[in-house]
Amino acid sequence: METAQARLKRLAMRSWRRGTKEMDLILGPYSDAHLSGMDEGSLQRYDSLLNENDQDLYQWVSGQGKGPAEFASLLQHIIKHTKTR
C-alpha cells in the first residue's frame with residue numbers, strides 16, 4: 001500500500017517528468033503549489049489526469065482544445081495557476 005507521502009512524491013515526480021518540456025513547466029509548478037493541499041478526490045482526479053497524453057494535455061491547458069468533462073474544474077485550476085504565476 002502506498003503511503004500518503006509516497007503518493008505525493010510520485011505525483012510530483014510525474015508532474016515534473018512529463019514527455020514534453022512544456023508540460024513539465026506547467027504541471028511541475030502546479031504540483032509544487034497544490035498537491036499537499038488536495039483532498040482525496042482531487043488527488044485521484046489529478047492522478048488520472050497525469051495518465052493523459054502530453055499533447056492532449058497541452059491542447060487543453062492552452063485553450064486549443066476542450067478536455068474531458070471529468071477534468072474540467074481541475075484544468076481550469078491549472079490554467080489559472082499557470083496564468084498567475
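Distance NZ/Lys80 to OH/Tyr30: 11.0 Å, rounded to 0.5 Å. For the atom pair CD1 of Ile26 and OG of Ser62, the computed distance is 7.5 Å after rounding to the nearest 0.5 Å. With rounding to the nearest 0.5 Å, the separation of CG in Asp56 from CD in Gln64 is 11.5 Å. Rounding to the nearest 0.5 Å gives a distance of 8.5 Å between CG of Leu8 and CD of Glu2. Atom CG of residue Leu75 and atom CG of residue Leu49 lie 5.5 Å apart, to the nearest 0.5 angstrom.
Crowding of Arg10 atom CZ: a count of heavy atoms from other residues, nucleotides or ligands under 6.0 Å exceeding 12. Other residues, nucleotides and ligands contribute more than 12 heavy atoms inside 6.0 Å of the CZ atom of Phe71.
Counting heavy atoms from C-beta on, the side chains of Asn53 and Gln59 never come closer than 4.5 Å.
Side chains of Thr3 and Gln5: a donor-acceptor N/O pair is absent below 3.5 angstrom, by distance only. Side-chain contact annotation: Ser15 with Tyr46, donor-acceptor N/O pair under 3.5 Å present.
When Val61, Leu11, Ile78 are each tested for a side-chain contact (heavy atoms from CB on, under 4.5 Å) with Leu27, only one passes: Ile78. If you run side-chain contact (heavy atoms from CB on, under 4.5 Å) between Trp60 and each of Gln55, Lys66, Glu52, only Glu52 comes through.
Side-chain N or O atoms of Trp16 include one that pairs as donor or acceptor with a backbone N or O of Gly28 at under 3.5 Å.
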*Could you go step by step and tell me if Asp54 and Arg18 meet the salt bridge (charged side-chain N to carboxylate O under 4.0 Å, His left out) rule?*
CA-CA 7 Å; Asp54 273 1; Arg18 302 297 305 170; 2.7 Å; yes

Throw together a table of side-chain donor-acceptor distances under 3.5 angstrom for residues 33-45, partners on residues two or more places apart or in other chains.
from	atom 1	to	atom 2	distance (Å)
Asp39	OD1	Gly41	N	3.3
Asp39	OD1	Ser42	N	2.8
Asp39	OD1	Ser42	OG	2.9
Glu40	OE1	Arg7	NH1	2.8
Glu40	OE2	Arg7	NH1	3.1
Glu40	OE2	Arg7	NH2	3.4
Glu40	OE2	Gln44	NE2	2.9

